[in-house]
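Right, one structure below, let's go through it.
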Amino acid sequence: MAVQKIKQNLPLRRCGQALAASFLIAIGGLQALPMYAQSALPTLGDGLALTTSAERRIGDSIIRELYRDPDYIDDAPLQEYVQGIFDQLVQAARARGELTPELQERFAWHILLGRDRSVNAFALPGGYMGVHLGLIGVVTSRDELASVLAHELSHVTQRHIARLIAQQQRSTPLMIGAMVLGALAASKSPNAGQALMVGGQALAVQNQLNFSRDMEREADRVGYSLMQPAGFAPQGFVSMFDKLQQANRLNDNGSWPYLRSHPLTTERMADMHARLPTALAQAPSPLPTLEHAMLAARARVLARPGVDLLRQWMAEPQSTGFASRAPTEKIAAWYAAALVHAQAGEWAGAERNLEQLRAASAGHAGAARQVRLLAAEIALQAGKPEQVAALLASPSRARPELLLRSQAALRLEQGAEVTGALETWLVEHPQDATLWQLLAQAWQQQGQRLRAIRAEAEAQVAHYDYAAAIDRFKAGQDLARQSSAAADYIEASIIDTRLRAVQSLAREQALER
């Protein structure tokens, strides 16, 4: 990422912000390199200076701090949407040979959402991606969003972090030192941490600017090559470039930090336009889907844009000329208005906009599903959890539905009804801290205190907070000693095994500091 990013609030603030920002200074332009024909590839290094395991550990250490920041959010509809696009790109990279089986197995391939209005996205070591809600809110189609994710994914698959460290062996220790000191200073004073990190800025720019431009071009080309195989329109890559160019021409006020970390050049833009086949270049761009319009509206609302904008969105469906707008604009306005009304506790207004959404989304499966999810979410907020089961009557193993059903069941003191579904999900997704916490509450309602404690511990493990996890596992051991039940004996054995495993991880974590 470009070093100017430290002036623009990285995705998440305080200690997490400092750690991510300083690391991005340490690795210079972590963002991209071109896929020339193999014979034309520049000698960028083989990346062997940093193993995949080491890179994943670095990523885990950064993510551990981001998880502690309240600006990191786990919003199920947005998380599912963005992660789904990213997963398609990862599979396309694997199919095209850009992603080795080893790298796919070792890295996380996980999206983190930052509650930030700025238009930005960034790659981190270990296959983690950060996406600001501001970016989701400004792209007009899933293809444009896919183009940004494809670019960031290519930074990881091409091992740009490892290559950069191999090229900059002399400066890397200094940069890593800046990372650690910046994180420590920011834990006491964000301003002090930010000032400290600027110290490494000049060296990073001086030594790595040209290399970063090469990386940018490679990420453009590799990312573009993933679009069609992943099921996205390549025009999205070009239209996103056009959107960035338009923003670049305007006197940027800081809402587009992506332009600083990924500076546009005439060469990059011409290259992308030239790669679009004539037939596609002349064809109209795919129309934005109703589902994307709703989720982009959701991102804009959740980014906390301020009271004035929220009031404006609440009143927009009643504005003059609204009836003549495009369907996607109207459905986005109704969605935003319903969500804002619900946040304000104005349930009649929320229901009025929901009715408009139901009528407009009829016949569109993806959009209709998002309306049902929003309606269930609003029912929970309104204190009507009994309505959720009827709203989500269609069987689905998807995470947003499971999350809402579980929350509703817990409020109705019916945790036993969702315990099995939660356990099944967590077997396949053990890093889902949110659902571990829900499972802990479900077990607690059933009087299964030992199982509840283990679920609480697993939630901490999922966020790499091994010290907190060890504390909970030990609390489970203490409780198990007081019980003679056979079921508790089995659970105690599981806790003992997990405690030893997490203690080992904690020792490794301590050695890295």
- request: Before giving the answer on side chain to side chain contact (heavy atoms under 4.5 Å, CB included), spell out for Val461 and Tyr466 the whole-Å C-alpha distance, their side-chain angles and the decisive distance to 0.1 Å.
  value: CA-CA 6 Å; Val461 173; Tyr466 298 138; 4.2 Å; yes

query: Checking side chain to side chain contact (heavy atoms under 4.5 Å, CB included) for the pair Ile378/His341: CA distance, chi angles, key distance, verdict?
result: CA-CA 9 Å; Ile378 291 174; His341 274 292; over 6 Å; no

field: Chi angles and distances behind the side chain to side chain contact (heavy atoms under 4.5 Å, CB included) call for Ile73, Gln79
entry: CA-CA 9 Å; Ile73 67 169; Gln79 187 75 40; over 6 Å; no

query: Are Glu55 and Arg106 close enough, and set up right, to give a salt bridge (charged side-chain N to carboxylate O under 4.0 Å, His left out), and what steps lead you there?
result: CA-CA 10 Å; Glu55 189 172 339; Arg106 287 181 181 269; over 6 Å; no

query: So Val301 and Gln343, side chain to side chain contact (heavy atoms under 4.5 Å, CB included) or not? Walk me through it.
result: CA-CA 10 Å; Val301 172; Gln343 289 179 345; 3.7 Å; yes

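Considering CG of Leu410 and CD of Gln437, their distance stands at 11.5 Å, rounded to 0.5 Å. Put simply, CG on Leu145 and CD1 on Ile85 are 4.5 Å apart, with the number rounded to the nearest 0.5 Å. Arg115 contributes atom CZ, which lies 7.5 Å from atom CG of Asp71 (distance to the nearest 0.5 angstrom). The CZ atom of Phe107 lies 10.0 Å from the OG1 atom of Thr157; values are rounded to the nearest 0.5 Å. Note: Leu422 CG to His429 NE2 = 12.5 Å, rounded to the nearest 0.5 Å. To the nearest 0.5 Å, atoms CG (Asp220) and CE (Met272) are separated by 5.0 Å.
Using a 4.5 Å heavy-atom cutoff, the side chains of Gln441 and Gln407 are not in contact. In this structure the side chain of Arg298 reaches within 4.5 angstrom of the side chain of Leu295, judged on heavy atoms. Looking at heavy atoms from C-beta onward, Arg300 lies in side-chain contact with Trp313 at the 4.5 angstrom threshold. No side-chain heavy atom of Gln431 sits under 4.5 Å from any side-chain heavy atom of His110. Between Trp109 and Val156, some side-chain heavy-atom pair lies under the 4.5 Å cut-off. Side-chain contact between Glu377 and Leu339 is present, with at least one heavy-atom pair separated by less than 4.5 Å. Using a 4.5 Å cut-off on side-chain heavy atoms (C-beta onward), Val131 and Leu149 make contact. Between Asp143 and Gln235 there is no side-chain heavy-atom pair separated by less than 4.5 Å.
Taking both residues in full, the closest heavy atoms of His292 and Thr289 are given as N-OG1, 3.0 Å, listed atom of the first, atom of the second, then distance. Val139 approaches Met240 most closely through the heavy-atom pair CG1-SD, 3.8 Å. Between Ala433 and Ala459, the closest heavy-atom pair is CB-O, 3.6 Å. The heavy-atom pair separating Glu80 from Pro400 by the smallest distance is OE2-CD, 3.4 Å. Closest of all the heavy-atom pairs between Ala342 and Gln381 is CB-OE1, 3.2 Å. Between Ala93 and Leu226, the shortest heavy-atom contact is CA-CD2, 3.6 Å.
Within the 3.5 Å criterion, the main-chain N or O of Pro430 finds a donor-acceptor partner in the side chain of Trp436. Remark: side-chain polar atoms of Lys243 are paired, donor with acceptor, to backbone N or O of Val138 under 3.5 angstrom. Panel note: side chain Ser118, backbone Asn120; no donor-acceptor pair is recorded below 3.5 Å.
Partner of Phe473 under the side chain to side chain contact (heavy atoms under 4.5 Å, CB included) criterion, out of Gln460, Gln503, Glu456, Glu458: Glu458 alone. Residue Tyr224 is tested with Ser154, Pro234, Ser147 for a side chain to side chain contact (heavy atoms under 4.5 Å, CB included); the sole match is Pro234.
Using a 30° and 60° split on the angle between ring planes, Phe237 and Phe241 fall in the tilted class, from 30° to 60°. Between Tyr67 and Tyr464, the ring-plane angle classifies as parallel under the 30° and 60° cut-offs.
Within the structure, salt bridge (charged side-chain N to carboxylate O under 4.0 Å, His left out) pairs that include any residue of residues 427-444 comprise Arg397-Glu428, Arg399-Asp432 (at least two apart or interchain).
Taking a cutoff of 4.0 Å between a charged side-chain nitrogen and a carboxylate oxygen, Arg405 and Glu401 do not qualify as a salt bridge. Ion pairing between Arg64 and Asp60 fails under the 4.0 Å rule for side-chain N and carboxylate O.
Under the 3.5 Å distance criterion, with hydrogens and angles disregarded, a donor-acceptor pair is assigned to the side chains of Gln83 and Asp87.
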